[in-house]
Amino acid sequence: MESMAESENCIPKATLSRLPAYLRYLKGEAGKGVVFISSASIAEDMKLSAISVRKDLALVSAPGKPRMGFELARLISDMENMLGYHCYANAVVVGAGRLGRAILCYDGFENYGIHVVAAFDNSPSKVGALLGKPIYPVERLKEIVAREAIQKAIVTVPKEAAHEACNLLIDAGVRSILNFAPTYLAVPEGVQIKCVDFAAMLATLGAPLSK
Ligand code: NAD
């Protein structure tokens, strides 16, 4: 029996965006010794609608067993496969300031199969190493991206420099970019960019929701 949805490419964006939260919750349950879990209990604990959880899980994994639910280890593995967590990727940070250095030091990326291997900066005072990870002058970006087979990048430069950093990465062959600079960045087709804005997220948190 197929353990995954028929086509991984068909998974809706909304479902995909919920998978990391499911995974965190499910791994917590696995840590408590839970072996089988029902979609209803996931929905209840995660305060989600039972219908959307049922639909999400149907897209990700084989159906659960009647009266027992989903085998937790299998469900976790199917979600990780769908998210590509078993396909390791090397990543770099561009902009080794306060945020960039914090990201370079964070070891949580490894849980998702992402190795943040180096950072780049245009200020000679930032070049060096942090916790054993090199910080290179930005002029070496193309060479290092090719040498380390870098697939993903995190942009943490000031907004005025974000376009330039992004273009450098794209020119070097990076196709997946997470941008923290508060500016809109247009990218060519085939390049995926996601912008993160904690301030905007915090501002919208707590805003009244329509029913
Ligand atoms: P910072 O000034 O401490 O660090 C920026 C670094 O980028 C510096 O080390 C600088 O030398 C380097 N830099 C500048 N131009 C560069 C270039 N062309 N190439 C390579 N390196 C370059 O800033 P920070 O506090 O770490 O913030 C970094 C970015 O993240 C800013 O754009 C900031 O607005 C943004 N930010 C976003 C959020 C969010 O919620 N999205 C939160 C914090 C910071």
Side-chain angles (χ1 to χ4, degrees), residues 13-25 46-47 83-85 88-209:
K13 262 193 188 165
T15 299
L16 203 57
S17 68
R18 284 192 285 269
L19 293 189
Y22 283 131
L23 264 178
R24 270 194 298 277
Y25 165 76
M46 292 184 69
K47 309 270 181 284
L83 285 166
Y85 289 2
Y88 285 87
N90 283 346
V92 290
V93 175
V94 184
R98 288 161 293 196
L99 184 57
R101 291 164 94 85
I103 290 172
L104 190 62
C105 290
Y106 179 56
D107 60 8
F109 292 103
E110 298 290 331
N111 298 331
Y112 298 88
I114 298 164
H115 306 306
V116 180
V117 297
F120 298 91
D121 205 285
N122 71 348
S123 163
S125 66
K126 301 286 168 56
V127 170
L130 199 61
L131 293 181
K133 293 189 181 177
I135 302 172
Y136 297 107
V138 74
E139 293 75 22
R140 293 192 63 192
L141 190 143
K142 199 165 185 175
E143 166 211 337
I144 305 295
V145 162
R147 191 184 78 194
E148 305 286 338
I150 304 298
Q151 296 168 31
K152 298 177 190 247
I154 303 158
V155 172
T156 50
V157 297
K159 68 172 185 233
E160 301 73 25
H163 276 284
E164 186 190 335
C166 200
N167 288 343
L168 258 180
L169 286 162
I170 294 168
D171 184 47
V174 175
R175 292 290 172 266
S176 306
I177 298 171
L178 188 64
N179 169 45
F180 280 90
T183 188
Y184 171 75
L185 296 174
V187 292
E189 223 177 283
V191 176
Q192 267 193 322
I193 188 157
K194 217 171 208 179
C195 296
V196 184
D197 190 337
F198 295 134
M201 284 162 81
L202 199 56
T204 53
L205 201 66
L209 299 172

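Remember, predicted model here, so these are calculated numbers, not experimental data. Order of appearance sets the numbers: ligands from 1, and atoms from 1 within every ligand. What's counted below: heavy atoms across the whole structure, side chains too, no hydrogens, waters or symmetry copies.
Regarding atom 28 (C) of ligand 1, its nearest protein heavy-atom neighbour is Thr156 O, 3.3 Å. The nearest protein atom to atom 4 (O) of ligand 1, hydrogens excluded, is given as Gly97 CA, 3.1 Å; this is a heavy-atom distance. The closest protein non-hydrogen atom to atom 2 (O) of ligand 1 is Arg98 NH2, 3.8 Å. In terms of protein heavy-atom proximity, atom 37 (C) of ligand 1 is nearest to Phe180 O, 3.1 Å. Ranking protein heavy atoms by distance to atom 41 (N) of ligand 1, first place goes to Val196 O, 2.6 Å. Among all non-hydrogen protein atoms, the one lying nearest atom 33 (C) of ligand 1 is Pro182 CD, 4.1 Å. Regarding atom 20 (C) of ligand 1, its nearest protein heavy-atom neighbour is Asn122 N, 3.5 Å. Counting only heavy atoms of the protein, atom 40 (O) of ligand 1 lies nearest to Phe198 N, 2.5 Å.
Within the 4.0 Å heavy-atom shell around ligand 1 one finds Pro158.
Heavy atoms only, all atoms of each residue included: Val94 and Ala165 are closest at CG1-CB, 3.9 Å. Here the closest heavy-atom approach between residue Thr156 and residue Gly100 is recorded as OG1-CA, 3.3 Å. Between Gly97 and Asp121, the shortest heavy-atom contact is N-OD2, 4.0 Å. The two residues Lys142 and Asp171 have their closest heavy-atom pair at NZ-OD2, 3.4 Å. What you find for Ala162 and Asn179 is that their closest heavy atoms are CB-OD1, 4.5 Å.
Annotation: side chain of Leu23 is not in contact with side chain of Tyr25 (no heavy-atom distance under 4.5 Å). Using a 4.5 Å heavy-atom threshold, the side chains of Phe120 and Leu169 count as separate.
The structure places CD1 of Ile114 at 10.5 Å from OH of Tyr106, a figure rounded to the nearest 0.5 Å. Taken to the nearest 0.5 Å, the CZ atom of Arg175 stands 11.5 Å off from the CD atom of Glu189.
Ligand-side atoms of ligand 1 in range of Ala181: 32 (O), range being under 4.0 angstrom from any heavy atom. Listed by atom number, the atoms of ligand 1 under 4.0 Å from Lys126 heavy atoms are 8 (C), 9 (O).
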Inset, instruction - Tell me, with the steps shown, if Val92 and Leu141 meet side-chain contact (heavy atoms from CB on, under 4.5 Å). - result: CA-CA 9 Å; Val92 290; Leu141 190 143; 5.6 Å; no

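Taking the centre of each ring, Tyr88 and His115 come in below the 6.0 Å mark.
Contacts between Lys159 and ligand 1 below 4.0 angstrom, taking non-hydrogen atoms only, involve the backbone exclusively. For Leu99, heavy-atom contacts with ligand 1 shorter than 4.0 Å involve the backbone as well as the side chain. Residue-level proximity to ligand 1 for Ala199 is carried by the backbone, the only part with a heavy atom below 4.0 angstrom. Counting heavy atoms closer than 4.0 Å to ligand 1, residue Ala96 contributes backbone atoms (N, CA, C, O) but none from C-beta onward.
For ligand 1, the polar-atom distance check finds no N/O of Ser123 at less than 3.5 Å from any of the ligand's N/O atoms.
Of the listed residues (Leu141, Ile154, Asp121, Val157), the one carrying the non-hydrogen atom nearest atom 31 (C) of ligand 1 is Val157.
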